[in-house]
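One is the number of the first residue; the rest follow in order along the sequence.
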Amino acid sequence: MRVYLDNAATTPIAPEVAECMIPYLLNEFGNPSSTHSFGRQAKAVIETARRTVAKHLNCAPAEICFTSGGTEADNMALHISVNALGVKHIITSAIEHHAVGHTVEYINQQGNIRLSYVKIDSKGNVDLVDLERLLQTEEKTLVSLMHANNEIATLLPLEKVSALCQKYNAYFHSDTVQTMGHYAFDLQKTKIDFLTCAAHKFHGPKGIGFLYVNKLLKTEALIHGGAQERGLRGGTENLYGIAGLAKAMDLAYENITEHQEHVQALKTYMIDSFKAHFNDMSFHGEVSPEKSLYTVLNCSFPPTSKAGMLLFTLDLKGVACSGGSACSSGAVNMSHVLQGIGADGSRPNVRFSFSRYTSKEEIDYAIQQVKDVFNKTLV
Ligand SMILES: Cc1ncc(COP(=O)(O)O)c(C=O)c1O
C-alpha cells in the first residue's frame, strides 16, 4: 500500500482540474497579449479566472495578480511594501516559511529597514501584547505573519491582528499559502493588505499562485519587461495554470464544510489513536480544531534510539510524510520552526498532512506502520 500524507508539501491535482487545463495545452494556445482572436480568447480565460478568485475572496478582480506560486507572491508583498509603500519597519516571527523569513532577512541586509521579531509561545501562538508593543512606533510598519504554520499547524487570529494593524496604521501581509482553499476569506470583513496563494496546496497545478494586493495601495513591479498583470509582473501568463487554479478554487470552496469535517475527523482519529497507544505522546503546535489548521498534525513521539530512521522506515512501508528534523550522526537538527518554539530535540517528530482525498483506511495503515516501528525499536 502507498499512502500519501504529505499534503502540506503538495497535493495531488484534482482530475477535474487536469481536465479543464487540457484545452489550453492543446488547442486554445493563444498569447493573451495578442490582439487576434486566439489572443483574445486566451485573455478572456485569464480574466474569467481572475473574477473567480475575486469572488471567493470577496475582493475586486483588479486586486489579484497571478504569480508563479507562494514564494513569488510573498516576495512581491514584501518588496512592494519597502519599495513602493516606504515601509521602514517589518514585524514578523521566527517561525515563518522561508519564503518570508529569508526575504525579510535579505531586505534587512540591504540596510533600509528595521526588523522586529514578535514573541511566540511554545505552541507557535503570536503574543498579541508584544505585537501591540512593537506596533507603537512612528515608522511606517508592515506586519508579516502567516495564517497557518505549515509545520506545526498553529493558526493566527487574522481578525485580531488585522484590527491591531488598523489601530496603529500598519500594513498587514499574511502568508495564506496553507489556508487558501481550506478556509473561507472575506476581505470586506477582514482588512488585510496582502494575501498569498499557491494552487498546488489545494489540488491545483504547481507553478501558479497569486498575490492579493489591496487596491488602495501603490504598487511596483518585481519583474520588469511587460505590461502583463497590470504592469506588476511582466511575462506571458501561465494560461493553463491560471485556468487550473480557478477550477481548483471552485472545487475547494464548493463543498468546503464537507471537506473540513472529513479531514478534521481523520486528524482527530489519528490524535486519539496515538494518545491511546503511547504513554508519552505529544504534539507540536496547537491541535484543537479552533486553533489549528485541520490538514496538518505534527506528532512528537517518545524518544527512541532509532529516531533518525523513523521517516525512512515509514517511507519503505509506503507511508509518505515529513519531519522537521534531520538526523545526522545521532544528533537531531531541528527545523527553524521547531527551534523557534523550543521543541525537545530528543523526541522524534513527524508531520502528517491530509487532504480531502485521504481515507480512513490510509490513516489506519499509517498508524499501524508507526506502531510497528516503535514496537520493534523500543524493545
Ligand atoms: C506557508 C508557506 N508559504 C509559502 C510557501 C511557498 O509556496 P511555493 O512553493 O508554491 O512557492 C509554502 C510551500 O510550502 C508554504 O507552506
Side-chain angles (χ1 to χ4, degrees), residues 70 73-75 77-82 85-108 112-180 183 185-187 189-196 211-214 216-217 284-288 290-293 296 335-343:
D74 283 331
N75 269 264
L78 295 163
H79 285 290
I80 286 174
S81 300
V82 175
L85 303 175
V87 160
K88 295 283 178 224
H89 177 212
I90 297 180
I91 303 172
T92 189
S93 85
I95 60 169
E96 298 301 302
H97 188 274
H98 287 321
V100 169
H102 285 175
T103 310
V104 292
E105 277 168 28
Y106 172 78
I107 292 173
N108 191 32
N112 298 325
I113 58 141
R114 187 164 69 85
L115 184 56
S116 302
Y117 288 94
V118 66
K119 281 186 198 154
I120 48 165
D121 70 11
S122 62
K123 289 186 184 299
N125 293 296
V126 167
D127 182 333
L128 296 179
V129 174
D130 192 47
L131 179 61
E132 181 151 17
R133 180 185 67 78
L134 292 170
L135 278 164
Q136 288 164 17
T137 163
E138 293 300 306
E139 296 157 301
K140 248 188 203 172
T141 298
L142 170 78
V143 171
S144 179
L145 292 169
M146 67 204 306
H147 186 195
N149 189 281
N150 52 300
E151 282 191 41
I152 58 170
T154 302
L155 283 169
L156 183 78
L158 273 186
E159 287 77 15
K160 286 185 183 163
V161 175
S162 162
L164 275 178
C165 288
Q166 285 179 74
K167 181 172 172 192
Y168 291 96
N169 227 356
Y171 298 111
F172 180 25
H173 162 229
S174 189
D175 176 341
T176 46
V177 169
Q178 288 292 340
T179 52
M180 191 64 67
Y183 292 93
F185 290 88
D186 184 343
L187 289 167
K189 281 204 185 128
T190 310
K191 185 183 172 288
I192 302 169
D193 296 299
F194 303 97
L195 290 185
T196 55
L211 170 70
Y212 157 83
V213 192
N214 185 308
L216 300 175
L217 300 182
H284 292 303
E286 292 287 355
V287 283
S288 74
E290 301 75 36
K291 290 188 169 178
S292 79
L293 171 62
V296 171
S335 71
H336 72 286
V337 175
L338 293 183
Q339 281 181 37
I341 59 167

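Evaluation of the ring-ring contact (aromatic ring centres under 6.0 Å, His included) test over residues 148-174, restricted to residues two or more places apart or in two chains, returns none.
Listed by chain and residue number, nothing satisfies the side-chain hydrogen bond (donor to acceptor under 3.5 Å, both in side chains) test with N169 (two or more places apart in sequence, or in another chain). The side-chain contact (heavy atoms from CB on, under 4.5 Å) search around V126 returns V118, I120, L128, L145, L156, not counting sequence neighbours. With sequence neighbours excluded, the residues forming a salt bridge (Lys or Arg N to Asp or Glu O under 4.0 Å) with D130 are R133, listed by chain and number. The salt bridge (Lys or Arg N to Asp or Glu O under 4.0 Å) search around E159 returns none, not counting sequence neighbours. Residues forming a salt bridge (Lys or Arg N to Asp or Glu O under 4.0 Å) with K119 (at least two apart in sequence, or on another chain): none. A search for ring pair (Phe, Tyr, Trp, His ring centres under 6.0 Å) contacts involving F185 returns H147, not counting sequence neighbours. Residues satisfying the salt bridge (Lys or Arg N to Asp or Glu O under 4.0 Å) test with E105, not counting sequence neighbours, are none. With sequence neighbours left out, T141 forms a side-chain hydrogen bond (donor to acceptor under 3.5 Å, both in side chains) with H89. With sequence neighbours excluded, no residue forms a side-chain hydrogen bond (donor to acceptor under 3.5 Å, both in side chains) with K189. Residues that satisfy the side-chain hydrogen bond (donor to acceptor under 3.5 Å, both in side chains) test with S292, not counting sequence neighbours, are K267. For H102, the ring pair (Phe, Tyr, Trp, His ring centres under 6.0 Å) partners at least two apart in sequence or on another chain are H98.
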